[in-house]
Structures are given as C-alpha cells and as structure tokens.
Protein chains: 2
Amino acid sequence: MDASLEPLKARRLALLLRERIASGEIAPGSRLASEPALALEHGVSRVTVRRALDSLAAEGLIDRRVGSGTFVREPEAPAPIVADFANMLTHLVEMGRRTGVRLISFAYAQPPETVVQALGLKPGERTQRSVRVRLIDGHPFSYLTTHVPERIGLTYSEADLASVPLLTLLERSGTVVERANQTISATLASPDVAEALGLEIGSPLLSLTRIVFGPDGRGVEHLHALYRPDRYAFQLELERAGNASERRWSPAPARGTGS
Amino acid sequence: MDASLEPLKARRLALLLRERIASGEIAPGSRLASEPALALEHGVSRVTVRRALDSLAAEGLIDRRVGSGTFVREPEAPAPIVADFANMLTHLVEMGRRTGVRLISFAYAQPPETVVQALGLKPGERTQRSVRVRLIDGHPFSYLTTHVPERIGLTYSEADLASVPLLTLLERSGTVVERANQTISATLASPDVAEALGLEIGSPLLSLTRIVFGPDGRGVEHLHALYRPDRYAFQLELERAGNASERRWSPAPARGTGS
DNA sequence: GTCAGTTGTTCTATACGCTAGACAACTAAC
DNA sequence: GTTAGTTGTCTAGCGTATAGAACAACTGAC
C-alpha cells in the first residue's frame, strides 16, 4: 500500500482543515465553506479542494450532501486521553479504557550520539533499543523509543517489555531511579512512525524526551515518545501563587477533567 | 514569496533526512551516503535526492564538498529557549536575552464557539481578541491569540497590551486570578501563523491552551499559544516519589539547564 | 601522476499535479 | 415552478517534478 502518495497542495489543505475540525474551530454539524469558496480562500483550484475533501470524507470526518453542502460530522470520538505532567495514565484504567502495547523492535546496538551524551555513556558502550506502540481501546496513540544501557537491559527479557512498564522492570531489577529530565516539543511524522500510528506522513506529533538518572548521576533510561495529538494531550492545573511583588503559577491538584 | 512550493518526493526525503540528523542518528561531522547511493536506497532519481539535499543545505544543516561528499554540519545552535511548566520566562532576562512583542491585531468581536464554552460566556457576549508575536533576540518564536471578556478588556488599552504582560494588566485592573487549566498539544502552521513565525506552511508547532479563571469560576482569559519547537520547548525536572507500592513522578526544582 | 569516487551542471523525455471552465444533478428557499 | 447555490463529473492544456543519462570539476588515497 503506497497510500502516502497525495498531491502536495491537496495534502496541505487537507491537513489544515483536519486540524481546524479536530480543534473545534469548525464546529461539528456546521457547514463548511463551499468548494468554490475554499478554492478562492486558499488560492487553489476547485479540483484541488475536492481532493482534500475526498481524503477527509474517506476518514469519515465530513459528510458531503449534493445540493446543500459539506458538513462536519459529529465525532464518534474516542475522546483524547489527557495526562498530567508526570505522564500518569493510571486513571485511565479506572475509567475502564483498555490500553495495550505492541513491541515493534528489540535489539542491542550502538546508540546514536544524542543518546550517548544524554545518558553519559562510555564511547562504544552499547544499549538495548526497543520500539513500542501503545494502544488505547485498540487504537495506536504513541510511539515509544527507549534506550537502556546494555548491562541494565539484560536484567529483563523481551517478553517482559511487551507487558510490564519499563520503569517497573528497572526498579524490580534493583536499579535505583532518582530523578529525570523531561522535555516536550513537537515534530512531524516520519514514514515509519506515520505507518505505526496510522497517520499520514507529515502529520503533527507531540514529542516527549525523558532522560532518567540513577543516584550516581548516570543515565539509566532514555525515552523518546511521540504522541498523536488527537488522541493524547498533556493537561495541567495551575494555581496563582506568590506575593504581590512576584506573582507566578504553580502546579495544583487536578480538578475534574472537564466533560 | 511563494516559498512553500517544494516537490513531493524531494520534500519527503528532506523531511526524513532532517529527522535523522536532528535525532543524532546521523552524527554531526559524519559523511552522508553519496547521492547515487541515496537515490538507489530511496528509489528516486538523483535529481530528486539533490533537491532534498539542496533544502537541507539552505537550512545550514549539511555541508557539501565537491569530490569528497556531503557532511552533517555541527549545529551552531541558537539554543532553544527552555521554559518550565508554569511557562516562566523570567530567567531569560537574567540570561541577557532580549524579548519583544509585536501586536498583530486587536479588536472586539464575537469569539468562536470553543472560546465561548471554555470561558463560560453568555451567548452573544463579545470578547477582546488580540494576536501577538513574541520575539527572542529579534527572532519570532511564539504566536499568541488571547480572548478576554469585553468588560475586562476595556480596563486597559491597546498600547498597554503591546508592552505589559496580559496577566499583569488583568490583575492591575482588579481582576482576581485564581486558577488556570493548561493543555499542551501539537499542530501544523497555517499560512498566517507560518508567515508570522517565519516558517513554511505545515511546519510542526507546539500548542498551548490556557484558560484562566477568577474566584467565581468564570473565565477571565483564554490564551492560545503556538511555539516554534526549534526555538522553544517545555522542560521539567522530575523526582521519583511515593512508596514502594505506588511509585510515581513528582515535579522537582530545576537543575542546571544543561549546557 | 593515476584512479576511483564524489558533487556540480546540463540535457531530453515522460509523468502528473494543478488550473480553468463547462455542464449535469441535486437541494432548499421563495 | 423558479432560482440561486451546492456537489458530482468531465475535458483540455499548462507547468513542472521526476527519471535517466552524460559529462565536467574536484578530492583523497595510493
């Protein structure tokens, strides 16, 4: 399946509209601008607009009615997962949603330079690299790449990794985990990630990099996670704190997730 | 400037290589596969490979040397800004980097449906909508769209907004700010945002939505921020906490920003 | 110097993304 | 019914991305 072939302008327009629909900027049930109007607005031909709408229709996002217009379909919404800053998903289980993991690859090899630096490895030291895809109710939502120093990785098996959280495996094997540094950013889906997450190449992704350290300050785990933003987002409750001269935000316990 | 025109296959290949370089999979200083080799490997013509490399070279990511090959350039890194979760930028000032703001638009109008719901506005209630671009050392890095209920917006002027942080304006005018809900996600750059931030259409962006509430639980400010991921990222230090039966991460005071 | 391998340049020919326009079929409002 | 506006379908043609190939200029190893 060489699906990834889609004309350039049509693709871009489709991505744009998909975003606007997903973000609620174009309300469900409402009518989209007409095809000629969209063509004019975006400076493309109507044929191109139609190609973009075709792909949205194929995904079931819109509903086209001859004579009356194109409408945003009500999402049968597997509502996006919301996680707090510590990346806790425990409440998911309580909410009765089933999560799963697919192990994509598992091997020991030379890690890329960035990982060597982040973990403070010795030159030439090898790592266990695993790639996993996490599912929610059967739908993939995250693409995890982890690197663990070889000596630590050997304390558990490939099968363990497919069922038990990595951090649990580490602590169970006696590795002491003390602190971590976490960075959040954004990227585009590369071909392999796109396929694993069921996305088009070039779709936006939330990116999280977490470097976990042991008590001696040496790196224990390097985690790189890519999330589908339509199925996963970080949420945080903030409280206004500080005295009058220096007001600031500070994290607060979560309230209701809001509908 | 219709820069955003880039061929399909070339674009995809460029995207792929850019990712591999950024992730360190192809180490800085090392040689890339030769153009004929890349062409063969990816099943495209050499012309296409060259177009992809052209765009990488234009970004300064690679260095082409006739007769010897193409090399990954050491990043001269205009180091990305790092902010913690409360979105504090105060340390930036200490670091001697100058920030600025450009006011793009300012008007009172009917807000979109999502804002109405988020702030709990009455139907028909108007808001002050402002769009600002924030700069670091003269380079744009974020695109801010804020909505404030009209009655509150009237307590300050357009000029105020271009120089004083919005939250300060609110509190100065007697509005009490208590808590906020913050969501982080990812999107693509639409044409207007792309131009304002100096990006191509379809570039990935970090997205932050913050809804600020007053003591009565009514919405006071709706903020939507889009960040260039190459110039801005969220960073958080975590500590391993909790007892043996339920270990978890909790936020910790920041250490050195790392290099 | 020689030689294999590299990037730079130019050419031709094909494939196809994209535009522009016209017309049909349908819908909803009047 | 009439009419304006919508999506569906088709055609013709332009511009350009892509493939393929040849040659020049340059580099580094030997």
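Throughout, protein chains are lettered first and strands after them, A, B, ... in sequence-line order, and every chain is numbered starting at 1.
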Whole angstroms only, please: what is the CG-P distance between A/Asp63 and C/dT27?
14 Å
For A/Arg51 and C/dT19, what is the distance between atoms CZ and C1' respectively, to the nearest whole Å?
10 Å
With a 6.0 Å cut-off (strictly less than), is the heavy-atom count around CZ of B/Arg31, excluding the residue itself, greater than 12?
yes
Starting at atom CZ of A/Phe71, determine the distance to atom C1' of C/dA28, rounded to an integer number of angstrom.
11 Å
Using 0.5 Å steps for rounding, measure from the NE2 atom of B/His222 to the CZ atom of B/Arg210.
11.5 Å
For the pair made of CG in B/Leu13 and C1' in D/dA19, what is the distance, rounded to whole Å?
15 Å
Let me know the distance between CG of A/Leu8 and C1' of D/dT18, rounded to the nearest Å.
14 Å
Residues that B/Arg64 engages under side chain to side chain contact (heavy atoms under 4.5 Å, CB included), provided they are two or more places apart:
B/Glu35, B/Arg50, B/Leu53, B/Asp54, B/Ala57, B/Ile62, B/Thr70
Is there side-chain contact between A/Glu158 and A/Ser130, with at least one heavy-atom pair below 4.5 Å?
no
How would you summarise protein contacts on nucleotides 1-8 of chain C per nucleotide, using B for base, S for sugar-phosphate only and - for none, with heavy-atom distances below 4.0 Å?
----BBBB
How bent is the helix from C/dG1-D/dC30 to C/dC30-D/dG1, measuring the angle between the end axes built from five pairs each, rounded to 10°?
40°
Would you say the side chain of A/Arg51 lies within less than 4.5 Å of the side chain of A/Lys9, judging by non-hydrogen atoms?
no
Quick check: do B/Leu188 and A/Leu16 have side-chain heavy atoms less than 4.5 Å from each other?
no
Within less than 4.0 Å of OP1 or OP2 of D/dT18, is there a side-chain N or O belonging to B/Ser45?
no
Once rounded to the nearest 0.5 Å, what's the spacing between atom CD of B/Gln117 and atom CD1 of B/Ile211?
10.5 Å
Spacing between B/Arg11 atom CZ and D/dT16 atom C1', to the nearest angstrom:
17 Å
Once you round it to whole Å, what is the distance between C1' of D/dT18 and CG of B/Leu38?
17 Å
A/Lys9 NZ to C/dC16 P, straight-line distance once rounded to whole Å
19 Å
How long is the straight-line distance from CG of B/Leu208 back to CD of B/Gln182, given to the nearest 0.5 Å?
4.0 Å
Indicate yes or no: at least one non-hydrogen side-chain atom of B/Tyr143 is less than 4.5 angstrom from one of B/Phe141.
no
